[in-house]
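Right, one structure below, let's go through it.
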Amino acid sequence: MQIEQKKDRPPHQTWKTIPTEPEGSDAVGFRLAQQAKFVSPDKEQGWWSAVIDLRNTSIAEFARRVEESSDAKTLPQLHIPNDYAKAEQGLVFEAKVVMIFARTELLQKVNENPDEFGVAWVRLGSIFDPDFIRIESEYQPSEHSEITVPNGSLITAVIDDGIAFGNDVFRDGLVSTRVEYATILPVPPNGPPSVGKELYKPQIDAFLAANTASMLLDENRFYQQVGLIDFYDGTFSPTSLRRSHGTHIMGLAAGYPMANAPDDRPIICAILPSRVTEDISGGSILPSLVLALERLTKQAERFRCEDGSTPSVVFNFSYGNFAGPHDGTGPVARVLEQYFGPPHDCPDSDQMRRMFLPAGNGNLSRTHAMLAFPETGNRPQKTLDFVLLPDDRTASEVQLWMPFSAANPLPNFVNVRVTTPDGSQSGPVGISAGSYQALLNENGDEVARLSYEFEPSPTERGVITLSLNPTASLVPAPLAPSGRWEIAVQPDQIAPDDAVQVWIERDDTLPGFKRGGRQPYFDNACYQRFGKYGAPLAIDPPGSDCPVRRAGTLSGFATGPSPLVIGAYVKSNGKMADYSAAGPTTPPRGEAMAYRDGPDASAPGDDSPVLLGVLSAGSSSGSMVRLNGTSVASPQAARFTVEGIAGGASGSRKWLWNQAETQDPNFPPPKPLETRSGGGRLKITVDEIQF
């Protein structure tokens, strides 16, 4: 007798049109509404880290408006980190991105009524436990004394996670560090700062001395005492691993053998919370990045050479993302311009700053598409096959960025519909605020959202966003259906020479972290993944009309005009690494030219096709480990530039481009495309970076 197999079917999903007010971000609203369903109850009263874009107002005025809007009986709703001095809080800014801590209730108000609070937008970070915020602190960072360094000194600043700064490659003696300042953000405050911990060279030296015996440093105890390792609180600490990203990066940027350490290469660093690093979408990192930049730039200003001059400072931030407008006006790109654009990029400024960023590793990720609609015939719709993987315990997001238009109202460029794996199709979402499509499960819970919003100045472009809940959860929660989704884009008033640029936000899991995210991707049949010999194709095939592209995958963080962006090549053969992301980028609102076509140069990312990565410092002194990617290429170029500035060079993008162009003939031809390698390949070998 044959027994019929009963197939498991997903719960019934239905799309519904939800009317809304045009103000605020639907993507932010979706995250605020859904976050509580995926966090434990003890975190519900925690603080969100967030950033606001102030417009023609001051931090103090924003705080006053918040106080007027709050119920006095409720818990405090807002905390401004005391890194913003009282005098600075009173300044009126035409436009400034500011980091805050706030509770869900306030963020919902600000998101829904931004004009009422004098802001253009709000962006969310991660949730902090209340014990990590010290509200009563009255710290004023500008009161610190000057740090005198030898003439010709250059400061290296690193922003990363898990930096084992007690490693001997960052010391110039057994109990003497080259790290003049370190801020550790993932720990409760240790005194004056209201967020995180700050350590200065005398304090670090004291910890080194207290944990050194028989000429050896007890590194585990050292990191426990400074707060980097805490096995009692159950949080993940990259520094406790054999290999930590931040240590590897800072080793490449500024590591020297302790016996030969220079006295004119001081280090300052910021250690980011693991929770924002774990969210590799980059969506949670912005508040911590702003706080790190506030602290490090103010600390860098304390340095003075013996002749009274101010040493330049070279930053490295080896992080990236996939999504965003990719025109240099996204939140992270704007923040970087705030700290590294004019006048800070000029040798005649009070202190010249340079920022190095990786190009990104998403070249083969199938997370970017470009949809163009030539004006021929009926202009049929184009579809993207979007694969949402099972067992994905993080939210996913697809962004469809519209072209810029000066028209008011905006033309209805396209209409977008989404079809779920079980065939349920949404209504159309076009270029008008006021409603969105919500995917509801059988219990009426929202599990996905398709919405439009207009990104204000300086972006001034519209974006249609598909936001999706996780497909798996360790606690009962409304889940999005995994499988093959279809995103259908029907042209309407879009011009033949314009295009819709589409990005899937990054959503995989970094090595060492608990498994959580799984990267969604586009799976259109027209995308040719491999060449005739079975090797991955790193460049789009000539003449291909497939909308899924490798071109245009440059990290969304790295699209502004001021940072120096670095791709990765393979040392043994000189070829660009397959994963190294490429331009071009999108011109900002109405401009004919983009800020950049791709990276400015490239540096080693791998020793060979089979010996991946490059060597640098492990978490423990004396250890060497491998990591690969454009993340390790960037600090090598930063170190190269430090030495160039020490020799009298400007260290500008143009200078670096020219250096790469001059050195590229030393490599096997052909020269890589400018969209992948900028001026060319820098002749840097890891052998020259001794530890």
Side-chain angles (χ1 to χ4, degrees), residues 24-25 27-32 35 46-63 65-66 77-84 88-89 91 93-104 106-128 132-133 159 183 185 194-196 270 272-273 275-277 279 281-298 317 319 321 323-325 328-341 355 397 453 455-459 505 556-557 560:
S25 165
V28 171
F30 179 80
R31 189 174 174 196
L32 286 171
Q35 184 73 16
W47 292 89
W48 281 93
S49 62
V51 290
I52 52 173
D53 185 7
L54 289 180
R55 296 296 172 92
N56 300 309
T57 191
S58 66
I59 299 174
E61 174 63 17
F62 169 76
R65 296 185 187 186
V66 167
Q77 294 290 305
L78 173 69
H79 173 63
I80 306 291
N82 51 19
D83 296 85
Y84 297 104
E88 186 179 4
Q89 292 190 29
L91 298 176
F93 301 103
E94 181 180 352
K96 182 178 176 67
V97 178
V98 174
M99 192 264 195
I100 64 172
F101 287 93
R103 300 193 190 273
T104 301
L106 172 61
L107 291 171
Q108 288 171 335
K109 289 181 181 179
V110 175
N111 183 52
E112 293 168 1
N113 302 286
D115 292 341
E116 178 183 332
F117 296 91
V119 305
W121 47 251
V122 59
R123 294 292 182 267
L124 303 178
S126 57
I127 296 179
F128 279 68
F132 283 71
I133 314 295
I159 302 174
T183 180
L185 298 181
S194 60
V195 181
L272 300 176
R275 63 175 66 87
V276 304
T277 302
D279 177 11
S281 72
S284 297
I285 204 169
L286 185 56
S288 295
L289 173 62
V290 172
L291 188 58
L293 289 172
E294 273 291 312
R295 291 185 178 176
L296 293 185
T297 53
K298 287 175 179 175
F317 178 53
Y319 282 65
N321 76 331
T329 67
V332 169
R334 274 196 58 205
V335 164
L336 295 178
E337 286 307 301
Q338 197 168 284
Y339 290 93
F340 299 95
M355 167 59 86
E397 188 171 280
E453 66 182 275
E455 191 74 11
S457 177
T459 304
E505 188 52 280
F557 291 177

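Treat the numbers as computed from the prediction; the structure is a model and nothing was measured.
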Distance check, rounded to the nearest 0.5 Å: [X] atom [atom1] versus [Y] atom [atom2]?
| X | Y | atom1 | atom2 | result |
| --- | --- | --- | --- | --- |
| Asn113 | Gln108 | CG | CD | 11.5 Å |
| Thr57 | Glu94 | OG1 | CD | 13.0 Å |
| Asp83 | Thr297 | CG | OG1 | 9.5 Å |
| Lys96 | Asp53 | NZ | CG | 11.0 Å |
| Asn111 | Phe117 | CG | CZ | 11.0 Å |

Quick one: does [X]'s side chain get under 4.5 Å of [Y]'s, heavy atoms only?
| X | Y | result |
| --- | --- | --- |
| Phe101 | Leu106 | no |
| Val290 | Val98 | no |
| Pro325 | Glu455 | no |
| Val51 | Pro287 | yes |
| Ile100 | Ile59 | no |

Margin query: Suppose we screen for side chain to side chain donor-acceptor pair (under 3.5 Å). Which residues come up paired with Glu294, at least two apart in sequence or across chains?
Written below: Lys298, Tyr339
Provide the closest heavy-atom pair for [X] versus [Y] in the form atom of the first, atom of the second, distance.
| X | Y | answer |
| --- | --- | --- |
| Trp48 | Thr104 | NE1-OG1, 3.0 Å |
| Leu336 | Met355 | CD2-CE, 4.1 Å |
| Pro331 | Leu286 | CB-CD2, 3.4 Å |
| Val122 | Ala50 | CG2-CB, 4.3 Å |
| Ala333 | Gly560 | CB-N, 4.4 Å |

Notebook entry, point to check: Backbone N or O of Tyr84 within a donor-acceptor pair of the Gln89 side chain at under 3.5 Å?
Noted result: yes
Item checked: Donor-acceptor under 3.5 Å (Gln338 side chain, Val97 main chain) -> yes
Margin query: Could you walk me through whether Phe340 and Leu293 satisfy the side chain to side chain contact (heavy atoms under 4.5 Å, CB included) test, starting with their C-alpha distance in whole Å, then the side-chain angles of each, then the deciding distance to 0.1 Å, before giving a yes or no?
Written below: CA-CA 10 Å; Phe340 299 95; Leu293 289 172; 3.8 Å; yes
Check: Looking at Trp47, is Arg103 sitting on its ring face, NZ or CZ under 6.0 Å from the six-membered ring centre and within 45 degrees of the normal?
Finding: yes
Next item on the list: Show the numbers, then the answer: is there a side chain to side chain contact (heavy atoms under 4.5 Å, CB included) between Arg295 and Val195?
Entry: CA-CA 11 Å; Arg295 291 185 178 176; Val195 181; 4.1 Å; yes
Notebook entry, point to check: Using 30° and 60° as the class limits, which term best fits the ring planes of Phe557 and Phe317: parallel, tilted or perpendicular?
Noted result: parallel
Item checked: For Leu272, the option from Thr183, Leu291, Ile285, Leu289 that meets side chain to side chain contact (heavy atoms under 4.5 Å, CB included) -> Ile285
